[in-house]
Amino acid sequence: MDINVSEVSKSFKTRSGKVLEVLKGLNIEVPSGSILKLEGASGSGKTTLMNILSGLIMPDEGKIEIGDIDISTLSEVEKDRFRAENIGYIFQTFNLLSPFSVIENVYAPAAFSGKLKKDHKEKAMEILNQVGLKGFEKSMPYHLSVGQRQRVAVARVLFSENRIILADEPTASLDKISSKSVFDSLMKCREFGATIIFASHDEVFREISPDRTVSLDEGGAQ
Ligand SMILES: Nc1ncnc2c1ncn2[C@@H]1O[C@H](COP(=O)(O)OP(=O)(O)OP(=O)(O)O)[C@@H](O)[C@H]1O
Ligand SMILES: [Mg+2]
């Protein structure tokens, strides 16, 4: 699915009452199956843009189209469903479901969106194996290392075969070896033609050449 960001602006009010303009009239086209790298200093709006793309927050102005859908026209329920079906996240701070085991975390989003098939456990096991988490399927997320948790988040995306992957500093706070294995797991998403949008300072990400790089410094103005 192509993603089209047009004239998107977003400001926040700070505690002191000042208005912080984060994104200003941002335009980006991300063709289906391509890789977009988001750059910019800390605070430039990379996470904000990813939250807007997933419909978690609304822009003040502008439009986000994913495929032929303008996400601002969806109701909250439709947005949740759209997200569950199409968007996979691997975030700076992990978003695993803590009351559920590793394997349940892998197939839970597919269960929510009603896409679960009969052999889902087998498939989830296979993917956990691919990302190097064999034997951890029954573990609880809080017993895992940070790198292992990030790989569960990647396994979940691989399981759901999400069309769009938002990866926001997915290897932050990991050592080199763990970063590499999270990165390699993430790159498996390319096998099913996912569109990948990522922000990362990690050198493992230099291995890929993004189709496009956008800097959000100065609000993303080009
Ligand atoms: N809900 C909010 N309320 C007020 N300010 C916010 C809110 N969310 C983000 N901001 C501010 O917007 C700016 C952009 O934040 P954002 O998290 O998008 O930056 P970032 O580019 O992802 O930075 P980093 O590289 O450190 O992750 C920051 O100055 C942040 O403090
Ligand atoms: Mg961020």
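All of these numbers come straight from a predicted model, not from anything done at the bench. As the structure lists them, so they are numbered: ligands from 1, and atoms in each ligand from 1.
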(request) Write out the residue and atom name of the closest protein heavy atom to atom 17 (O) of ligand 1, then the distance separating them to 0.1 Å. (result) Thr47 CB, 3.6 Å
(request) Would you give the length of the straight line joining atom CZ of Phe198 to atom CG of Asp168, rounded to the nearest 0.5 angstrom? (result) 11.5 Å
(request) For the Mg ion (ligand 2), report each protein N, O or S atom nearer than 2.8 Å, sorted by chain and then by residue number. (result) Thr47 OG1
(request) Check ligand 1 against Ala41 and write out every atom of the ligand that is under 4.0 Å from a heavy-atom position of the residue. (result) 21 (O)
(request) Rounded to the nearest 0.5 Å, what's the gap from CZ on Arg156 to CD1 on Ile90? Could you check? (result) 8.5 Å
(request) May I ask you to check whether His201 has an N/O atom sitting below 3.5 Å from an N/O atom of ligand 1? (result) no
(message) Among all the protein's non-hydrogen atoms, which is closest to atom 23 (O) of ligand 1, and how far away is it?
(response) Gly43 N, 2.8 Å
(request) To the nearest 0.5 angstrom, please state how far the CG atom of Leu133 sits from the CD atom of Glu137. (result) 9.0 Å
(message) Main chain of Asn86, side chain of Arg163: is a donor-acceptor contact present, judged purely on distance under 3.5 Å?
(response) no
(message) For atom 3 (N) of ligand 1, what is the closest protein heavy atom, and at what distance to 0.1 Å?
(response) Phe12 CD2, 3.6 Å
(request) Give the contacting part of Leu20 toward ligand 1: side chain, backbone, both or neither, where contact means a heavy-atom distance below 4.0 Å. (result) side chain
(message) Checking the side chain of Ser160 only, and the main-chain atoms of Val157 only, is there a donor and an acceptor separated by less than 3.5 Å?
(response) no
(request) Can you measure from CD (Glu76) to NZ (Lys79) and round to the nearest 0.5 angstrom? (result) 4.0 Å
(request) Report the C-alpha distance between Thr195 and Met1 in whole Å, list the side-chain angles of each, state the deciding distance to 0.1 Å, and finish with yes or no for side chain to side chain contact (heavy atoms under 4.5 Å, CB included). (result) CA-CA 8 Å; Thr195 305; Met1 273 187 287; 5.8 Å; no
(message) Please determine whether any non-hydrogen atom of Gly40 lies less than 4.0 Å from an atom of ligand 1.
(response) no
(request) Going by heavy-atom distance to atom 18 (O) of ligand 1, choose the closest among Asn51, Asp168, Leu216, Thr48. (result) Thr48
(request) May I ask you to identify the nearest protein heavy atom to atom 25 (O) of ligand 1, giving residue, atom name and distance to one decimal place in Å? (result) Lys46 NZ, 2.8 Å
(message) Quick check on Ala199 - does any of its heavy atoms sit under 4.0 Å from an atom of ligand 1?
(response) no
(message) Taking the six-membered ring of Phe159 as reference, does the cationic atom of Lys123 (NZ for Lys, CZ for Arg) lie under 6.0 Å from its centre and within 45° of its axis?
(response) yes
(request) Nearest 0.5 Å please: distance from the CG atom of Leu26 over to the OG atom of Ser9. (result) 8.0 Å
(request) May I ask you to decide if Glu65's main-chain N or O and Asp70's side chain share a donor-acceptor pair within less than 3.5 Å? (result) no
(request) Give a yes or no on whether the backbone of Ser32 and the side-chain of Asp2 come within a donor-acceptor separation of less than 3.5 Å. (result) yes
(request) Identify, for atom 27 (O) of ligand 1, the protein heavy atom at the shortest distance, and state residue, atom and that distance. (result) Gln92 NE2, 3.2 Å
(request) Quick one: pull up OG in Ser11 and NZ in Lys18 and give me the separation to the nearest 0.5 Å. (result) 14.0 Å
(request) Report, in ascending order of atom number, the atoms of ligand 1 lying under 4.0 Å from any heavy atom of Gly45. (result) 14 (C), 18 (O), 19 (O), 20 (P), 21 (O)
(request) Look up atom 31 (O) of ligand 1 and tell me if a protein heavy atom lies less than 4.0 Å from it? (result) no
(message) Tell me the contacting part of Val22 for ligand 1: side chain, backbone, both, or neither, using a 4.0 Å heavy-atom threshold, strictly below.
(response) side chain
(request) Identify, for atom 26 (O) of ligand 1, the protein heavy atom at the shortest distance, and state residue, atom and that distance. (result) Ser42 OG, 2.6 Å
(message) Which heavy atom of Ser44 sits nearest to which heavy atom of Leu23, and what is that distance?
(response) O-CD2, 4.2 Å
(request) Quick one: sort the Phe205 and Phe183 rings into parallel, tilted or perpendicular, breaks at 30° and 60°. (result) perpendicular
(request) Taking atom 14 (C) of ligand 1 as the reference point, report whether a protein heavy atom occurs under 4.0 Å from it. (result) yes
